[in-house]
Amino acid sequence: MFSDRLKTISDNIQAATQRAGRGSLAPVQLVAVSKTHPPEALLDAVECGVTLFGENRVQEAKAKIPRLPSRCSWHFIGHLQKNKIRQALPLFELLHGVDSLSIAREIDRIAAELGLFPKILLEINVAGESTKFGFSPAQLTSDLDALLQLPRLQIEGLMTIPPPAPEPEHSRKYFITLRELRERLQREAGLLLPELSMGMSDDYAIAIEEGATLVRIGSALFGSRGAKKTWRPTGSDSLDD
Ligand SMILES: *Cc1c(COP(=O)(O)O)cnc(C)c1O
């Protein structure tokens, strides 16, 4: 049952928050990663009190959002394509995966046209994996001035997806890297970066111990996604994005 899984996760989040000695100062928000799951599954979640969802495809989110109560809020957690920015900006309260200067510039430009000030997180490729999107820490240092000059972007913090690992404990060093990078940017560039988006179904407790403020949890809440790629409304033949 969804409610049982939610209870377990909420208890784990609370326990990890206490272990980290964080009290109520830096609350952890659960982003329920609902990608691939149908609106009915999200409605179950809403009945249990979940209202913050994470989606990674613009078309899929656009079809689901009108089917959920308007008090729900939506975070985009994937790699955003340039040709989807215009559709995405009005839908999402926070974009977790801003992964290059060129996409940041494009978001800023379109936000100005739409009269918006989007909140974003910069995605950091902490392990330097060549297959992964994101700024390497060195790239971020060199792009930072240009990023800070984009008037529309509200940079709220950093996000990372560590490399796949056999043991959740292996992710800890990458979470520490992200936290230390945040601390360095705050110190050297005088930025305020309150949000750290890190931790998924297998390693969220460790991420919280290392300072996560947003944990993105999918399968531990909604069950396995199996081979499902997206949910589409019946009768829709729109292409994946
Ligand atoms: C799918 C996804 C998640 C959730 O993954 P689970 O292992 O199912 O919890 C978190 N973050 C991102 C960026 C994702 O794409």
Side-chain angles (χ1 to χ4, degrees), residues 9 12-13 16-23 25-33 52 54 56 75-80 92-101 103-104 107 118-148 153-218 220:
I9 290 169
N12 290 343
I13 288 176
T17 307
Q18 278 171 1
R19 279 200 301 283
R22 288 164 56 174
L25 277 177
V28 177
Q29 270 193 291
L30 167 64
V31 182
V33 176
L52 173 55
N56 72 342
H75 287 187
F76 190 77
I77 60 167
H79 167 69
L80 188 56
F92 296 101
E93 200 166 90
L94 181 67
L95 307 177
H96 286 230
V98 175
D99 51 21
S100 68
L101 178 57
I103 192 90
I107 293 170
K119 292 184 178 169
I120 66 147
L121 305 179
L122 299 171
E123 180 171 354
I124 311 299
N125 182 347
V126 277
E129 294 164 281
S130 59
T131 52
K132 211 166 254 173
F133 291 111
F135 295 87
S136 68
Q139 188 70 48
L140 183 62
T141 305
S142 67
D143 288 342
L144 192 62
D145 282 345
L147 284 166
L148 295 179
L153 291 196
Q154 307 191 61
I155 304 173
E156 299 284 320
L158 307 178
M159 176 266 207
T160 198
I161 308 170
E167 294 286 337
E169 194 56 45
H170 291 198
S171 299
R172 187 182 299 274
K173 64 173 178 291
Y174 300 111
F175 297 148
I176 293 174
T177 302
L178 196 72
R179 187 188 68 221
E180 290 179 347
L181 180 62
R182 188 261 298 264
E183 283 159 10
R184 183 163 68 75
L185 294 171
Q186 295 198 139
R187 204 170 50 239
E188 292 175 5
L191 292 174
L192 212 58
L193 297 169
E195 304 291 354
L196 284 182
S197 168
M198 56 190 196
M200 318 203 302
S201 287
D202 291 336
D203 55 14
Y204 64 92
I206 292 166
I208 291 167
E209 288 170 12
E210 299 304 338
T213 60
L214 291 159
V215 288
R216 310 176 309 266
I217 301 184

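Sequence positions, counted from 1, serve as the residue numbers for this chain.
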Point-to-point distance, once rounded to the nearest 0.5 Å, from [atom1] of [X] to [atom2] of [Y]:
X      : Y      : atom1 : atom2 : value
Glu183 : Leu196 : CD    : CG    : 8.5 Å
Leu153 : Lys119 : CG    : NZ    : 13.0 Å
Phe135 : Leu181 : CZ    : CG    : 11.0 Å
Met198 : Ile161 : CE    : CD1   : 13.5 Å
Asp99  : Leu121 : CG    : CG    : 12.0 Å
Met159 : Leu95  : CE    : CG    : 11.0 Å

If every non-hydrogen atom of [X] is compared with every non-hydrogen atom of [Y], which pair is closest and at what distance?
X      : Y      : value
Ile217 : Ser201 : CG2-OG, 3.6 Å
Glu129 : Pro164 : OE2-CD, 4.0 Å
Ser197 : His96  : OG-ND1, 2.9 Å
Ala104 : Leu147 : CB-CD2, 3.5 Å
Ile124 : Thr160 : O-OG1, 2.6 Å
Ile120 : Leu94  : N-CD1, 3.8 Å

Point to revise | side chain to side chain contact (heavy atoms under 4.5 Å, CB included) partner of Leu140, chosen from Leu185, Leu101, Asn125 | key: Leu185
Exercise for review: State whether the side chain of Arg216 and the backbone N or O of Val33 hold a donor-acceptor pair below 3.5 Å, judged by distance alone.
Suggested key: no
**Study point:** Donor-acceptor contact present, side-chain Arg182 to main-chain Leu158, <3.5 Å
**Key:** no
Check your understanding: Going by the angle between their ring planes, with limits at 30° and 60°, are Phe133 and His79 parallel, tilted or perpendicular?
Key -> parallel
Review point. So Ile155 and Leu193, side chain to side chain contact (heavy atoms under 4.5 Å, CB included) or not? Walk me through it.
Key: CA-CA 7 Å; Ile155 304 173; Leu193 297 169; 3.9 Å; yes
Exercise for review: Sort and list the pairs that fulfil ring-ring contact (aromatic ring centres under 6.0 Å, His included) and have at least one residue in residues 180-217, not counting sequence neighbours.
Suggested key: none
Practice item. With side chain to side chain contact (heavy atoms under 4.5 Å, CB included) as the test, would you mind laying out the steps for Leu191 and Leu148 before giving the verdict? Key: CA-CA 9 Å; Leu191 292 174; Leu148 295 179; 3.5 Å; yes
Review point. Does a side-chain N-to-carboxylate-O contact under 4.0 Å join Lys132 and Glu123?
Key: no
Check your understanding: So, are Arg184 and Glu180 salt-bridged, with charged N and O less than 4.0 Å apart?
Key -> no
Point to revise | ring-ring contact (aromatic ring centres under 6.0 Å, His included) partners for His170, two or more places apart | key: none
Exercise for review: Apply the side-chain hydrogen bond (donor to acceptor under 3.5 Å, both in side chains) test between Thr213 and each candidate in Gln29, Glu195, Glu156; give the one that qualifies.
Suggested key: Glu195
